[in-house]
There are 2 protein chains.
Amino acid sequence: MSPIQFYKCLADDTRLKTLLLITLKQELCVCELQEALAVSQPKISRHLAELRKCELLIDERRGKWVYYQLNPELPAWAVTVLQETAANNSEYLHPHLQQLSQGCANC
Amino acid sequence: MSPIQFYKCLADDTRLKTLLLITLKQELCVCELQEALAVSQPKISRHLAELRKCELLIDERRGKWVYYQLNPELPAWAVTVLQETAANNSEYLHPHLQQLSQGCANC
DNA sequence: TAAACATATGCGAAATATCATATATATGTT
DNA sequence: AACATATATATGATATTTCGCATATGTTTA
């Protein structure tokens with residue numbers, strides 16, 4: 001995981017919020033992310049595919065749903081970066097966390 | 001300083017290396033960065049201008065030279081992110097640190 | 001098996017970022 | 001003042017990224 005590849009992954013609003021929400025919540029499914037971020041299904045899916053390809057996230061299908069988590073093989077410094085960012089930018093994440101807590105229409 | 005703006009600044013190889021080298025060295029002048037990274041003068045200058053505009057760096061002219069430092073008003077989490085990244089990616093920075101230690105042709 | 005649902009992907013258009021070249025500005029030197 | 005050096009910026013060409021729409025795949029339920 002080169003730092004430049006890592007930071008290119010964080011340099012998009014959808015991807016950054018996705019990573020930070022998963023950092024806080026351990027795991028989220030596609031429909032939860034789609035609702036929390038209010039984006040189209042292909043959009044969230046394509047960004048998730050990129051994060052998977054770069055090995056920042058891993059996916060796991062359970063029935064109809066696909067759940068995403070941080071890749072447990074992420075280097076410690078990268079996890080620290082995500083946690084530090086998530087813990088200190090609540091204004092940035094707040095509306096989406098609130099939306100998450102309202103529950104998801106599908107799952 | 002919104003996290004997305006911060007990470008967009010880190011998402012270019014020249015800018016990321018610039019920020020990490022300055023994190024390690026406290027301050028560097030334009031010609032040192034240009035030599036250490038082996039990039040053209042307009043290129044380093046343009047990226048420095050962007051980092052200035054986003055308030056990640058401050059500049060200070062001393063005679064012919066302009067020195068850049070991290071903006072002291074950077075939020076603590078952002079400084080932590082830079083330090084954690086710089087401290088754990090020596091392979092990424094090593095050639096440039098070595099070049100830096102060889103001294104600069106101009107200053 | 002078909003229908004419904006959740007997710008993924010192909011593709012072209014639009015937006016954005018990057019770069020090289022040329023040129024401008026500021027400082028120091030003679 | 002004239003000139004050399006260090007740095008900044010404008011401009012247009014090129015590359016990269018992002019997105020919307022259409023469609024494909026995989027899973028569950030009827």
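Here is the naming used below: chain letters follow the sequence lines, and residue numbers restart at 1 for every chain.
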*Asks:* For the hydrophobic clusters of this structure (ILVMFWY residues joined by side-chain heavy atoms under 4.5 Å, transitively), does one cluster hold both A:Leu93 and B:Met1?
*Replies:*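 Yes, same cluster.
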
*Asks:* Measure all distances between protein nitrogen or oxygen atoms and nitrogen or oxygen atoms of nucleotides 7-12 of chain D, and list the pairs falling under 3.5 Å.
*Replies:*
unit_1 : atom_1 : unit_2  : atom_2 : d
D:dT7  : OP1    : B:Val66 : N      : 3.3
D:dT7  : OP2    : B:Cys31 : N      : 3.2
D:dA8  : OP1    : B:Tyr68 : OH     : 2.7
D:dA8  : OP2    : B:Ser45 : OG     : 3.1
D:dA8  : N7     : B:Gln41 : NE2    : 2.7
D:dA8  : N6     : B:Gln41 : OE1    : 3.2

*Asks:* Take A:Leu70 and A:Leu19 through the test side-chain contact (heavy atoms from CB on, under 4.5 Å) and record every step on the way to the result.
*Replies:* CA-CA 8 Å; A:Leu70 291 187; A:Leu19 286 167; 4.2 Å; yes

*Asks:* Quickly, which of B:His47, B:Glu32, B:His96 forms a side chain to side chain contact (heavy atoms under 4.5 Å, CB included) with B:Leu37? Name it, please.
*Replies:* B:His96

*Asks:* CD of B:Glu55: more than 12 outside heavy atoms within 6.0 angstrom?
*Replies:* no

*Asks:* Looking at C:dT30, which nucleotide sits across from it as a Watson-Crick or G-U wobble partner, both distances under 3.5 angstrom, or is there none?
*Replies:* D:dA1

*Asks:* Looking at B:Glu73, I want to see if its CD is surrounded by more than 12 non-hydrogen atoms of other residues, nucleotides or ligands under 6.0 Å.
*Replies:* no

*Asks:* Can a side chain N or O of A:His47 be found less than 4.0 Å away from OP1 or OP2 on D:dT17?
*Replies:* no

*Asks:* Would you kindly give the NZ-to-C1' distance between A:Lys53 and C:dT9, to the nearest whole Å?
*Replies:* 13 Å

*Asks:* Angle between ring planes, A:Trp77 versus A:Tyr7, binned at 30° and 60°: parallel, tilted or perpendicular?
*Replies:* tilted

*Asks:* Can you tell me the distance, in whole Å, between the CD atom of A:Glu35 and the C1' atom of C:dC5?
*Replies:*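 Computing the A:Glu35:CD to C:dC5:C1' distance gives 14 Å.
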
*Asks:* Provide, to the nearest angstrom, the distance between the CG atom belonging to B:Leu16 and the P atom belonging to C:dT18.
*Replies:* 12 Å

*Asks:* Between C1' on C:dA15 and CG on A:Asp13, what's the gap in Å once rounded to a whole number?
*Replies:* 16 Å

*Asks:* Using whole Å, report how far CZ of A:Arg15 lies from P of D:dT16.
*Replies:*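 Taking atom P of D:dT16 as the reference, CZ of A:Arg15 is at 15 Å.
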
*Asks:* If you assign A:Asp12 and A:Arg62 each to the DNA chain D nucleotide with the nearest heavy atom, which residue ends up on the more 5' nucleotide?
*Replies:* A:Asp12

*Asks:* Calculate, to the nearest 0.5 Å, the distance between atoms SG and CD belonging to A:Cys29 and A:Gln34 respectively.
*Replies:*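 A:Cys29 atom SG to A:Gln34 atom CD measures 9.5 Å (nearest 0.5 Å).
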
*Asks:* In whole angstrom, what separates B:Leu51's CG from C:dA17's P?
*Replies:*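 Rounded to the whole Å, the gap is 14 Å.
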
*Asks:* Whole angstroms only, please: what is the CG-P distance between A:Leu37 and C:dT7?
*Replies:* 14 Å

*Asks:* Rounded off to whole Å, could you give me the NZ-to-P distance for the B:Lys8 and C:dA15 pair?
*Replies:*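 After rounding, the reported distance stands at 15 Å.
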
